[in-house]
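Notes to accompany the following structure.
Reckoned from all heavy atoms, side chains included, excluding hydrogens, waters and symmetry mates. Note that the structure is predicted; figures quoted are calculated from it, not measured.
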Amino acid sequence: MAHPHVFIDTGLEFIVDEAGQLTHVRVTWAYDEFYSLLILEDMKLDQDADGILTEDEQQLLSGFDAQWVEGYNGDLVVLSDGATVALSGPLEPQATTEDGRVVTTHLRAVEGGAVPVLALSAKAFDETFYTAYEVTRPVTVSGPATCEVNRVEPDIDGQLAQMQAFLRTLDADFDLEENDIPLVGENFATEIRVSCPNT
């Protein structure tokens, strides 16, 4: 019941070449107001509290969320024809504020060569559900005009009911910290499907 702690509105830009191959994904994260406030206070930014960063402050903020530990997947899973697409770490990180919220972007390159966008799917999620990602910002494809984007929304109520039913089966003394916490984040993730069938 304590999760999630951080809420992020997410946007995705799939960058496709003329051959219909995915070359990059640009990710946008807009942090919730409370977490944004914590970030700005911790970094001693926006001291006049007007919600607007100077150019220097934007440069200081850019990349604060791009220092990833080895093995971290950036809370983004992209599949091409069911196979996981290997993505680089964050490139070209940028940050600003919008209405008091910290908004960042970063670019991720497809590693090992571009992949075809015949049956591509993507999900932004933290498997532990510490962070909740909602795809509420634009999802676009830069490249051939024949590409289509579709969304498959999760059954939030059904997933919550299943989780609550599971929690009710646990003994009151059960320690979730010492045992395997169920990795439920993907269950709450919107699936984005991209196809460029005519390229």
Side-chain angles (χ1 to χ4, degrees), residues 4-17 20-40 45-46 51-53 57-59 61-68 72-80 84-111 114-115 117 119-154 156 185-196:
H5 293 273
V6 181
F7 298 85
I8 296 178
D9 289 335
T10 306
L12 299 168
E13 177 191 4
F14 299 92
I15 300 172
V16 178
D17 65 19
Q21 305 272 315
L22 179 72
T23 61
H24 297 81
V25 180
R26 189 179 308 279
V27 181
T28 301
W29 289 338
Y31 293 88
D32 65 77
E33 289 86 349
F34 180 66
Y35 191 72
S36 295
L37 179 64
L38 294 178
I39 294 167
L40 294 175
L45 301 175
D46 191 26
I52 301 169
L53 299 182
E57 287 177 322
Q58 287 188 15
Q59 287 182 358
L61 185 60
S62 293
F64 85 92
D65 58 357
Q67 309 301 315
W68 296 359
Y72 175 56
N73 71 351
D75 289 341
L76 178 66
V77 173
V78 177
L79 302 176
S80 176
T84 301
V85 176
L87 298 173
S88 72
L91 309 169
E92 303 176 12
Q94 296 180 359
T96 188
T97 53
E98 293 177 8
D99 300 322
R101 298 176 66 183
V102 171
V103 180
T104 68
T105 63
H106 58 268
L107 188 69
R108 301 189 64 188
V110 173
E111 297 191 324
V115 296
V117 190
L120 193 79
S121 73
K123 287 185 179 181
F125 66 93
D126 168 12
E127 62 182 7
T128 67
F129 208 42
Y130 183 91
T131 302
Y133 293 88
E134 288 191 53
V135 186
T136 56
R137 296 179 71 93
V139 176
T140 60
V141 178
S142 296
T146 52
C147 296
E148 297 178 359
V149 176
N150 293 293
R151 300 168 62 100
V152 179
E153 302 294 347
I156 299 291
E186 186 174 5
N187 300 341
F188 296 94
T190 297
E191 181 183 5
I192 302 297
R193 295 178 180 172
V194 183
S195 59
C196 305

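- When each of K123, R151, E191 is paired with V135, the side-chain contact (heavy atoms from CB on, under 4.5 Å) condition holds for R151 and for no other.
- Closest of all the heavy-atom pairs between A124 and A189 is O-CB, 3.9 Å.
- Remark: side-chain polar atoms of S62 are paired, donor with acceptor, to backbone N or O of A95 under 3.5 angstrom.
- To the nearest 0.5 angstrom, R26 atom CZ is 10.0 Å from H106 atom NE2.
- Classified by interplanar angle (parallel below 30°, tilted 30° to 60°, perpendicular above 60°), the ring pair F64/Y31 is tilted.
- Residues E57 and T97 form no side-chain contact, since every pair of their non-hydrogen atoms from C-beta on lies 4.5 Å or further apart.
- Shown are D126, D75, T10; of these, the side-chain hydrogen bond (donor to acceptor under 3.5 Å, both in side chains) with Y133 is made only by D75.
- Counting only N and O atoms by type, the side chains of E153 and T190 include a donor and acceptor under 3.5 Å apart.
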- Query: W29 and D65: side-chain contact (heavy atoms from CB on, under 4.5 Å), yes or no, with the steps?
  - Reply: CA-CA 10 Å; W29 289 338; D65 58 357; 3.4 Å; yes
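- Contact between L76 and A122 at its shortest, heavy atoms only, is CD1-CB, 4.5 Å.
- Side chain of T23 to backbone of I15: a donor-acceptor contact under 3.5 angstrom is found.
- With S36 contributing its side chain and V102 its backbone, the two residues share a donor-acceptor pair below 3.5 Å.
- Here the straight-line distance linking atom CG of D9 with atom CD of E98 works out to 10.0 Å at 0.5 Å rounding.
- When all heavy atoms of P93 and A66 are compared, the closest pair comes out as CB-CB, 4.0 Å.
- Summarising the geometry, atom CG belonging to L40 is positioned 12.5 Å from atom CZ belonging to R101; distances are rounded to the nearest 0.5 Å.
- Side chains of R137 and V103 form a contact here, defined as non-hydrogen atoms less than 4.5 Å apart.
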- Between I8 and D32, does a side-chain contact (heavy atoms from CB on, under 4.5 Å) hold up when you go through it step by step? CA-CA 6 Å; I8 296 178; D32 65 77; 5.9 Å; no
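- For N73 against W68, the heavy-atom pair with the smallest separation is C-CZ3, 4.5 Å.
- Atom-to-atom distance recorded for F7:CZ and T131:OG1 is 9.5 Å, nearest 0.5 angstrom.
- With no hydrogens or angles considered, no side-chain donor-acceptor pair links E111 and S88 at under 3.5 Å.
- Screening S195, S80, C196, C147 against L120 for a side-chain contact (heavy atoms from CB on, under 4.5 Å) leaves a single residue, S80.
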- Task: Start with the C-alpha gap between L53 and L61, add the side-chain angles, then the distance that decides, and say whether side-chain contact (heavy atoms from CB on, under 4.5 Å) holds.
- Result: CA-CA 9 Å; L53 299 182; L61 185 60; 3.6 Å; yes
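- At a threshold of 4.5 Å between non-hydrogen side-chain atoms, the residues V139 and V194 do not count as touching.
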